[in-house]
Amino acid sequence: MNTRNIATKYIKVNPDRPATRAMEKAARILKQGGLVAFPTETVYGLGADALNAQAVASIFEAKGRPLDNPVIVHVTDRMQVTSLAQQVSGPAGMLMDAFWPGPLTLILPVLSGVPREVTAGLPTVAVRMPDHPVALALIRAAGMPVAAPSANISGRPSPTTAGHVLQDLNGRIDAVLDGGPAGVGVESTVVDLTLPVPVILRPGGVTPEELRGIIGEVEIDPAAGAGSPGARPRSPGMKYVHYAPRAPLVLVEGRPEDVAAKIIELAEEQRSCGKRVGILSYQGGKDLSFAGEVVLAGNRKKPETVASELYSALRRFDELGVDLVLAEGLQDNGLGLAVMNRLRRAAGGRIVQA
Ligand code: TXA
Ligand code: MG
């Protein structure tokens, strides 16, 4: 299907009780092989029939997504998993019990019959049950598992509102369901359960501490946590620069006082060369507005508030038209790990120690 220059339908839905008619309309598009963006509790997803190879291929076309990056399949019940994955191991079942529906994606051995467009040819498949009434109603109405990456142009910050989706994909997808802002704000945690010890490939809405509370030992892929340079990620998606505003982003890490001082120093340097400087900061710290265009994303003491506002803050810098963004680093605890993972990837190696 041609994903360019199509009239994208905008469908407003009640996020708590989406109307049956709206969901049926959207489900019909999916059944016909079309693309529908929809809210989840993490970010907006761009959905297609997961068992229709051509429909999944058109997701890649619409997003400009590299073909070797597999997509997550969204389900409404655990029965659907048995049509996608070979077996649900003990730990997988325990994690589903504890966190589904919710921001946790499990990597399981794939069943034959799942299109290679979904898995990018890997022997595994990523599955998750989203915790959002609109996402669940859509999958149920369509009666199929729904493949859905985040609904952004590849490389851009993920969308947390329908407006963000339209900024990137208007005219390239069939419809967007507007169910208001996504809550968590960063994507699901991706855990590989096909290895002897479960490994977090991408930190996200469920923290390592929460996972360990259920299944004990859990490793963090070096490329997912600290984003150490040179570490080769096990998750294909983790090797691309992602989440970035249009202006280059420099991440400053260290103790909060040192970080603020370093940002002021860098901002002055840049301003003296005539550059417009954006600063990503958080409530509860030093006021940096004298040094550049400050965008605040949540409260630094509450990483969940930062996660929730992070992507819209990054998109805000595009509207401000700054030449450079200096971003304050945060602590790695709780959802801070997911936030720092996204910021390190948005920085694409431009990381300064204060
Ligand atoms: O919260 C989320 O997970 C959102 C919402 C829409 O559900 N989706 C999302 O999808 O973030 P996407 O495509 O932007 O990210 C999927 C990540 C990528 O890093 C991809 O490489 C990884 O999951 N992934 C998918 N299938 C995989 C597999 N079989 N093995 C390893 N990694 C996989
Ligand atoms: Mg994405």
Side-chain angles (χ1 to χ4, degrees), residues 35-48 50 56 59-60 62-75 84-86 99-111 114-132 134-136 138-139 145-160 164-165 168-169 176-177 179 182-195 198-206 221 223-224 233-244 307 311 338 341-342 345-346:
L35 301 181
V36 177
F38 61 94
T40 80
E41 81 282 27
T42 57
V43 301
Y44 273 68
L46 179 58
V56 178
I59 292 180
F60 286 79
K63 285 187 50 124
R65 183 179 175 99
L67 291 171
D68 66 349
N69 192 7
V71 294
I72 297 171
V73 182
H74 296 66
V75 298
L84 301 162
Q86 281 172 32
F99 300 109
W100 278 14
L104 178 67
T105 294
L106 303 177
I107 306 291
L108 302 169
V110 71
L111 264 185
V114 176
R116 58 169 297 128
E117 284 74 6
V118 169
T119 61
L122 295 173
T124 52
V125 62
V127 286
R128 100 170 180 99
M129 190 189 296
D131 187 14
H132 195 293
V134 176
L136 292 171
L138 177 66
I139 305 166
V146 172
S150 49
N152 50 282
I153 292 281
S154 207
R156 300 259 302 136
S158 300
T160 51
H164 296 161
V165 174
D168 281 16
L169 298 174
V176 57
L177 292 168
V184 179
V186 293
E187 298 85 343
S188 61
T189 304
V190 178
V191 180
D192 191 341
L193 291 167
T194 66
L195 303 161
V199 177
I200 297 174
L201 302 183
R202 177 179 73 180
V206 175
D221 186 21
R234 284 207 188 92
S235 184
M238 300 301 287
K239 69 174 182 263
Y240 298 105
V241 173
H242 201 338
Y243 316 113
Y311 291 140
N341 166 268
R342 304 309 187 267
R345 305 240 343 262

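Keep in mind the model is a prediction, meaning the values are calculated, not measured. Each ligand, and each atom within it, is numbered from 1 in the order the structure gives.
Interface of Gly45 with ligand 1, defined as ligand atoms under 4.0 Å from a residue heavy atom, comprises 6 (C). Listed by number with element, the atoms of ligand 1 under 4.0 angstrom from any heavy atom of Ala126 are 25 (C), 26 (N), 27 (C). In the vicinity of Thr42, heavy-atom distances shorter than 4.0 Å reach the ligand 1 atoms 1 (O), 2 (C), 4 (C), 5 (C). For ligand 1 and Leu122, the ligand atoms under 4.0 Å from any heavy atom of the residue are 28 (C), 29 (N), 30 (N). Taking a cut-off of under 4.0 Å to the non-hydrogen atoms of Thr124, the atoms of ligand 1 that pass are 28 (C), 29 (N), 30 (N).
Residue contact annotation: Ile107 has a non-hydrogen atom under 4.0 Å from ligand 1.
Side chain of Asp168 to main chain of Ile153: a donor-acceptor pair is present (N/O by atom type, distance under 3.5 Å, no hydrogens or angles). Between the side chain of Gln86 and the main chain of Val110, a donor-acceptor pair closer than 3.5 Å is present. Proximity of a side-chain donor or acceptor of Arg345 to a complementary backbone N or O of Ala244 within less than 3.5 Å is not detected.
Taking CG of Leu122 as the start and CG of Asp68 as the end, the distance is 9.0 Å to the nearest 0.5 Å. Taking CZ from Arg128 and CZ from Phe99, the interatomic distance works out to 13.5 Å, rounded to the nearest 0.5 Å. Within the model, atoms CG of Leu35 and NZ of Lys63 stand 11.5 Å from one another, a figure rounded to the nearest 0.5 Å. Between Ile72 atom CD1 and Arg202 atom CZ the span is 5.0 Å, to the nearest 0.5 Å. Between the NE2 atom in His74 and the CD1 atom in Ile139 there is a gap of 7.0 Å [rounded to 0.5 Å]. Atom CH2 in Trp100 sits 12.5 Å away from atom CG in Asp131 (nearest 0.5 Å).
Residue contacts with ligand 1: Tyr44 is placed with no nitrogen or oxygen under 3.5 Å of a nitrogen or oxygen of the ligand (distance criterion only). Looking at ligand 1, you won't find any N or O of Thr40 less than 3.5 Å from one of its N or O atoms. Among the atoms of Thr119, none of the N or O lies under 3.5 angstrom from an N or O of ligand 1. Residue Ser150 has at least one N or O atom closer than 3.5 Å to an N or O atom of ligand 1.
Side chain to side chain, Thr42 and Ser188 fail the donor-acceptor criterion of an N or O pair below 3.5 Å. Donor-acceptor pairing under 3.5 Å is lacking for the side chains of Ser150 and Glu187.
Around the Mg ion (ligand 2), the protein N, O or S atoms found under 2.8 Å comprise Ser150 OG.
Contact between Val176 and Val165 at its shortest, heavy atoms only, is CG2-CG1, 4.0 Å.
Contacts between Glu41 and ligand 1 below 4.0 angstrom, taking non-hydrogen atoms only, are absent altogether.
Closest heavy-atom approach to atom 17 (C) of ligand 1 within the set Arg202, His74, Glu187: this belongs to Arg202.
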